Amino acid sequence: MNKFDSKKIMPRYFSLAIIMTLISLFVIGKTLYIMTVKRDYWTKVADRVKKDSVDVKPMRGNILSCDGQLMASSLPEFKIYIDFKQLKDAKKDSLWNVKLDSISKGLSQIFPEQSALAFKTDLEKGRREQSRHWPIWKKRIDYNSFTEVKALPIFRLSRFLSGFHFEEFNARRRPYGSLAGRTVGEMFGAKDTARFGLELSYDSILRGRNGIVHRRKVLNKFLNIMDTPPIDGADIITTIDVGMQDLSERAIIDELKEVDGNVGVAVIMDVATGDIKAIVNMERCIDGEYREIKNHAVSDLMEPGSVFKVASLMVALDEGVVDTTARVETGSGVWPMYGRKMKDHNWHRGGYGTLTLPQTLQFSSNIGVSRIIDDHYRNDPEKFVRGIYRTGLADSLHIPLVGSSPAVIRMPKKNGKGQWINWSKTALPWMSIGYESQIPPISTLTFYNAIANNGKMMQPRFVKQVVKDGEVLIDFPPKVMRSQICKPKTLGEIQTILEQVVSIGLGKKAGSESFKVAGKTGTAQISQGLGGYKIGRTNYLLSFAGYFPADAPRYSCIVCIQKSGVPASSGFSASVFHRISEGIMAQDLKLDVTDARDSSSILIPDVKTGNMLAADYVLSHLGIPTNHNWTGTYTKGNPIWGTAENERNQKVQLNRVRPIDNNHVPNIIGMGARDAIYLLEKRHVKVIISGRGQVVQQSLEPGHLIKKGEICHLTLE
């Protein structure tokens, strides 16, 4: 018999099902309520919940100059807050009421930008709102300010009693300010992300690796347990010399202000190693001040102008199509070239007439250089461009700075019919004098540095080493890009010509009376794109590239100035080169101390005051002869000034001189103002002085009996 009673069981089953359904609907409804209506509340709660695993930021590595000076470093910065809810829970409200004025006054002294009353009003507002994270100061502060704030009343207590807490950040700071700023680089303000420069190029080395801290709750407190310790970033040692960088920046800015320039570039390279000792990129901003906005030295692709002529003639000399005895006719300064007029800079003065090959560079003759190249390469321009490539001007230098670009020197090509593609008859003459190509200043400098380095082309080096804790992790040795850019005979001829450009040619302003300089001037009109060269106001690129000392080259340097309108002379850049080169050589100048002597030098000191026995003892032991012929006035056995006949009868001579006590005026002729005033005021004599130098006249005679309130007038010359 079936004992299942459906009449009793089924109602119970349905009742249970209904109850479960209602509970499910309630859970779903509550979930939807939390997800929508209470979403903001629980989001804030979630923000206060501590994560089980927290990343620990490593310390970012430093960027150092070539001699170890800090150029960029990470320093701690803080944002400070107060938890008023914690302060209330700790029952410190009464203490807060007592100390609020002191705290406000202390904060105003630390942060003078805001008054004590403003601090008090702001803190009272945070207390009324019972904020758990009320900012005491809205900006980040350095460590010194942080310690001063933490020493204020209440704040010096523990966090659980004071409510004072903070956030710590690693801020990137440059001790030398904006010096080489575009090359060193910069970080985004609130983010640990590099923006440009070496900071960006070597970010993976400088950054280090994050660590992980595991948080555990023990006895209602969270404890940090280090799972993976952070690995701090390594330091990089650059090739930048702080002194040369500062010298170059000041020289560029001064010249830009004087000539009303738009952009100024200067790069200094060590001849033997290719080390970049200084790199300047100044640009005029809207407010008229000059700052580094873009790294023009490595990224500007512009037609270089006459500094390119050296490479053109190097190719011709190296291939033997001409020699230094070649002569070229330049006429009156204007020469027709395939329907266009080639002009020399002095065409309005009648030109240069017939020039030798060296003279075409000495006087930077456009006609002379372009005619030599056109005469020998017009039928095979590809051969000329291949020769330019051999000089290394078109090589990619692998500059470790974002935005750097290799030179663009186009190679002529023929189609199947033997016709030149995109190549006109005027292309070769104008290319030979620095047009039709785009070359950044650093590529031009690398070429001139190779000339100074006896033909060996070095890769520009910005970073020498990566170090950490005194240990070298990575070494970047000097790298040779080309062992020889031309034949030794050609190189010698070019070196001689470049010296003559400065000694007797147009580059005289770059020269120095103390050492030899070699280099080449350059002036080029800057193309305005589709507008050509003549649209609006003509813009010019004024350059000088060279090296010094010419007889034993140590440094090469290029200076480029961009300006609008006339006057526009490459002499502007040559003058900057002169100041930079002389400044650098002066830093290394070592002279013997004897060189400072002249006819007016006082080699033996003249002892006029003090204890003459002691003075004679000191001078004798220094090897300085003394005149033993003492006469003069003394006070109680101590000479004020004078000499004695000899050391043996000194005491006898002293007894013969009438002693002067504090009641009589001493002889102060020949003394300085400080000593004279001291001796007179010590005897209660008022002193009035006129003039500067030594005492030549005193109104009260030596030995005069001093009366109360007397005045002595002193004349100094």
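All values reported here derive from a predicted model rather than from experimental measurement.
The minimum heavy-atom distance linking L506 with T521 is given by the pair O-CG2, 3.9 Å. Smallest separation of non-hydrogen atoms from V502 and G519: CG2-N, 3.7 Å. Closest of all the heavy-atom pairs between I63 and V184 is CD1-O, 3.8 Å. Residues Y290 and L256 share a closest heavy-atom pair of OH-O, 3.4 Å. Of all non-hydrogen atoms in A676 and I668, the two that sit nearest each other are CB-CD1, 3.9 Å. Taking all atoms of both residues into account, the shortest heavy-atom contact from M585 to P549 is CE-CG, 3.7 Å.
Under 3.5 Å, the side chains of K520 and S364 contain a donor-acceptor pair of N or O atoms. Under the 3.5 Å distance criterion, with hydrogens and angles disregarded, a donor-acceptor pair is assigned to the side chains of E249 and Q245. No hydrogens or angles considered: a donor-acceptor pair under 3.5 Å links the side chains of T273 and D270. Using modelled atom types and a 3.5 Å distance limit, the side chains of D241 and S65 yield no donor-acceptor pair. Checked by atom type, the side-chain pair H704/E710 shows a donor-acceptor distance below 3.5 Å.
Without hydrogens or angle criteria, T147 side chain to N144 main chain gives a donor-acceptor distance under 3.5 Å. Using a distance-only test at 3.5 Å, with no hydrogens or angles considered, a donor-acceptor pair links the side chain of N281 to the main chain of A297. The main-chain N or O of G565 is found under 3.5 Å from a side-chain atom of K563 such that the two form a donor-acceptor pair. Using modelled atom types, no side-chain atom of S556 and backbone atom of G546 make a donor-acceptor pair closer than 3.5 Å. The closest donor-acceptor contact from the side chain of Q495 to the backbone of I451 lies under 3.5 Å. The closest donor-acceptor contact from the side chain of H578 to the backbone of G511 lies under 3.5 Å.
Under the 4.0 Å criterion applied to side-chain N and carboxylate O atoms, R172 and E199 are assigned as salt-bridge partners. A salt bridge does not link E681 to K686: none of the charged side-chain nitrogens sits closer than 4.0 Å to a carboxylate oxygen. Under the 4.0 Å criterion applied to side-chain N and carboxylate O atoms, D551 and K516 are not assigned as salt-bridge partners. Between R182 and E292, no side-chain nitrogen of the basic residue sits less than 4.0 Å from a carboxylate oxygen of the acidic one, so the salt-bridge criterion is not met. Residues R284 and D260 are paired through a salt bridge, judged by an N-O separation under 4.0 Å between the basic side chain and the carboxylate. By the 4.0 Å N-to-carboxylate-O rule, R250 lies too far from D254 to be salt-bridged with it. In summary, K464 and D275 do not engage in a salt bridge, as defined by a charged side-chain N under 4.0 Å from a carboxylate O.
Proximity of the aromatic rings of F544 and F572 is defined here by a centroid distance below 6.0 angstrom, and this criterion is not met. Ring to ring, F166 and F146 are close: their centroids are under 6.0 angstrom apart.
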Checklist entry - For T239 and R461, what are the C-alpha separation, side-chain angles and deciding distance, and is it a side chain to side chain donor-acceptor pair (under 3.5 Å)? => result CA-CA 7 Å; T239 59; R461 184 169 65 155; over 6 Å; no
Next on the checklist: For a side chain to side chain donor-acceptor pair (under 3.5 Å) check, start with the C-alpha distance between S145 and D142, then their side-chain angles and the critical distance, and finish with the verdict.
Outcome noted: CA-CA 6 Å; S145 300; D142 59 27; 3.0 Å; yes
